[in-house]
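Worksheet for the structure shown next.
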Protein chains: 2
Amino acid sequence: MPGATEEETMSRRTIDWVDGEIRIIEQTLLPGREEIVAVREVAELVDAIRRLAVRGAMALGVAGAMGVALGAVRAEERGEDVGAAVIRAAAELRASRPTAVNLGWGADRALAAAAGGTGAILAEALAVRDEDIVASRAIGERGADVLAGCARVMTHCNAGALAGVEGGSALSAVRVLHERGELAEVLVPETRPLLQGARLTAWELGRMGVAHRVIVDGAGAGLILGGRVDAVVVGADRIAANGDVANKVGTLAHALAAAHAGIPFVVAAPESTLDRHVAHGADIPIEEREPEEILGLGGARVAAPGSGALNPAFDVTPAGLVTAIVTERRVIRPALGERPFPPG
Amino acid sequence: MPGATEEETMSRRTIDWVDGEIRIIEQTLLPGREEIVAVREVAELVDAIRRLAVRGAMALGVAGAMGVALGAVRAEERGEDVGAAVIRAAAELRASRPTAVNLGWGADRALAAAAGGTGAILAEALAVRDEDIVASRAIGERGADVLAGCARVMTHCNAGALAGVEGGSALSAVRVLHERGELAEVLVPETRPLLQGARLTAWELGRMGVAHRVIVDGAGAGLILGGRVDAVVVGADRIAANGDVANKVGTLAHALAAAHAGIPFVVAAPESTLDRHVAHGADIPIEEREPEEILGLGGARVAAPGSGALNPAFDVTPAGLVTAIVTERRVIRPALGERPFPPG
């Protein structure tokens with residue numbers, strides 16, 4: 001933001017509600033440019049979610065709730081049916097990114113308050129935001145406890161402040177480890193195709209003053225088996241009832257390597273990412289995105305003209321590879337047979 | 001090449017000896033532009049190898065041999081000491097990419113002929129080239145036998161015609177599978193940071209008429225565990241006496257996933273890639289390349305200015321994960337305890 005001091009920028013929330021509209025940090029421009037975008041219509045928010053201007057499980061939960069509130073506020077201003085507007089908004093938001101369970105969870109939270117009218121819906125959305133901030137801190141403290149003694153940590157994608165309102169999940173734990181003086185270095189897989197690791201996580205770690213190096217995603221396994229990593233900690237987009245974890249594509253390879261090397265693979269996520277309605281990871285819908293995200297780089301086409309691409313945005317790590325799931329309330333140990341929810 | 005028909009271009013060898021100089025396809029420009037570069041000095045060849053204008057285990061073996069011949073021919077033209085020149089050339093070539101065992105192997109082949117003078121050195125280099133073409137075909141046939149019944153194949157990086165004189169290793173097997181009508185599709189990990197998969201392998205498969213799709217490297221494990229791949233086949237840069245395999249960074253993750261899913265992980269490589277002098281993968285030197293290969297994309301910086309990178313170019317897949325090593329002479333089954341060379 002032109003004219004903003006670093007302190008002002010730092011204090012900005014990834015997503016917030018200001019003066020009857022949603023304000024988001026436009027993440028597609030980071031780290032080159034920091035820009036806050038005002039979102040006044042549900043359709044604009046759906047577009048921002050689809051192009052990953054706002055992203056990350058926790059932030060999407062808040063976006064789902066605030067998006068429903070936005071639908072209510074605009075409908076009321078225009079004298080339209082608020083009930084119909086919020087039901088439509090919730091459906092559109094839920095469909096915008098199919099793997100991300102928090103979107104629908106947040107939308108449902110706001111929707112459940114609809115009987116109280118627009119004011120109640122907005123109040124609920126703001127409660128979702130405030131709870132997110134509290135959950136981030138709790139996940140960070142508990143995650144750092146689980147990771148105690150791990151000086152060299154690898155993450156994947158971005159599960160930081162930019163993936164929540166303020167603190168995020170995996171990077172919240174990294175921040176607490178850093179505050180406790182236990183952290184030596186974070187390895188940051190760049191996270192192709194959209195480079196959230198190189199663009200967002202490295203930027204956040206730099207601001208925290210945490211030593212870090214970017215790696216290509218494919219280097220993770222070799223560095224783990226080579227004894228250069230003490231633990232892997234990531235966020236999640238949806239966790240099945242049995243503990244299978246859907247997260248950004250590339251996560252599973254790190255989990256396989258961690259299991260082979262015998263180091264912890266830790267998932268940090270709010271309770272709202274646990275989906276009791278999905279029994280196994282195989283039932284989690286995996287979003288496939290446009291081939292162009294892979295085939296072009298920096299505006300230029302990389303592959304030969306006749307070549308297509310397959311672009312799943314997520315993968316599923318089986319529960320047996322997950323050392324711990326850390327939420328704001330508990331630690332679940334799927335590799336030891338513990339489940340987020342009982343079977344049946 | 002301007003004016004060249006496709007047939008002429010297709011018939012061009014990746015590396016060859018023409019009129020007293022080495023001719024290579026300049027691979028950094030592919031697939032956008034096909035250009036043959038003439039290399040007249042050893043220093044030029046070392047530079048071409050370092051910037052990956054010529055690359056791939058088999059092609060580097062030929063480059064090592066032809067590079068020594070180039071040193072001999074130039075020294076003789078200038079009236080310099082041929083013996084001193086070839087020893088210097090072999091040392092410079094060997095050091096140019098430390099993980100690639102074939103470079104030193106090829107240089108040593110030519111060097112061993114030095115007692116016979118420049119003519120004998122050149123004849124030996126041309127023999128290395130001719131044997132490479134024959135080995136490619138044999139590896140392809142035997143590799144296709146090992147992969148029989150595997151319709152959906154994943155590879156990594158480029159172990160094709162561009163990685164040898166003509167046929168390469170892993171893609172030679174893919175070509176034979178295709179000729180036998182057994183192949184449905186090849187999944188092509190893009191292979192960050194330098195995108196040899198997206199740029200070179202996809203281009204080669206397109207020319208072969210093989211159906212293929214590019215994926216990000218991190219998607220490999222999820223597609224394998226999701227049951228969408230029947231086998232993985234890759235090349236190698238160096239194989240230890242116990243069967244540990246050094247190959248392009250990102251390979252290990254696919255091997256871990258293949259083992260977890262119970263599908264074959266096959267390594268196709270000439271005998272010259274087997275290094276009896278290295279007992280285990282941990283003893284293979286792993287080349288680390290410049291951070292800039294990761295931090296910039298298409299000329300623009302991706303990560304924030306304060307962020308560094310760690311850029312190992314290779315990783316080591318433990319023998320226990322390797323279903324088969326296929327050479328021009330034999331099939332070795334490391335996962336069953338077979339070794340390329342006996343211990344001690």
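Lettering of chains follows the sequences in order, A, B, ..., and the numbering in each one begins at 1. The figures here come from the full heavy-atom set of this structure, side chains too, leaving out hydrogens, waters and symmetry mates.
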Quick one: which of Asp315(A), Leu252(A), Thr317(A) gives a side chain to side chain contact (heavy atoms under 4.5 Å, CB included) with Leu225(B)? Leu252(A)

Is it the side chain or the backbone of Pro318(A) that comes within 4.5 Å of chain B heavy atoms, both, or neither? side chain

Heavy-atom pairs under 4.5 Å with chain A: which of Asp217(B), Val302(B), Ile215(B) has the most? Val302(B)

Assert top hit (heavy-atom pairs under 4.5 Å, partner chain A, pool Ala211(B), Gly222(B), Ala221(B)) equals Ala221(B)

Measure Leu30(A) against the heavy atoms of chain B and call it side chain, backbone, both or neither at under 4.5 Å. neither

Could you tell me the separation between the CD atom of Glu190(A) and the CZ atom of Arg192(B), rounded to the nearest 0.5 Å? 4.0 Å

Distance check, rounded to the nearest 0.5 Å: Leu321(A) atom CG versus His260(B) atom NE2? 4.5 Å

Can you tell me which portion of Leu200(A) sits under 4.5 Å from chain B's heavy atoms? Options are side chain, backbone, both or neither. neither

Does any heavy atom of chain A fall under 4.5 Å from the side chain of Ala300(B), the backbone, both, or neither of them? neither

How close do Ser307(B) and Ala202(A) get, counting heavy atoms only, and between which atoms? OG-CB, 3.4 Å

Chain B shares the most heavy-atom pairs under 4.5 Å, among Gly250(A), Ala309(A), Ala257(A), Gly32(A), with Ala309(A)

Which atoms form the tightest heavy-atom contact between Pro312(A) and Ala219(B), and what is the distance? CG-CB, 4.1 Å

Where does Leu187(A) contact chain B at under 4.5 Å (heavy atoms): side chain, backbone, both or neither? side chain

Just so I understand: if I count every heavy-atom pair under 4.5 Å between each of Leu195(A), Thr251(A), Ile286(A) and chain B, which residue has the most? Leu195(A)

Minimum heavy-atom separation for Ala304(B) to Pro31(A), with atom names? N-CG, 3.7 Å

Answer with side chain, backbone, both or neither: which region of Leu205(B) has an atom nearer than 4.5 Å to a non-hydrogen atom of chain A? neither

Identify which part of Leu256(A) has an atom lying under 4.5 Å from any heavy atom of chain B, answering side chain, backbone, both or neither. both

Sort out for me which of Pro189(B), Gly218(B), Gly197(B), Pro193(B) touches chain A most, counting heavy-atom pairs under 4.5 Å. Gly218(B)

Mind ranking Glu293(A), Arg199(A), His212(A) by heavy-atom pairs under 4.5 Å with chain B and telling me who comes out on top? His212(A)

Of all heavy-atom pairs between Val249(B) and Val216(A), which one has the smallest distance, and what is that distance? CG1-CG2, 4.1 Å

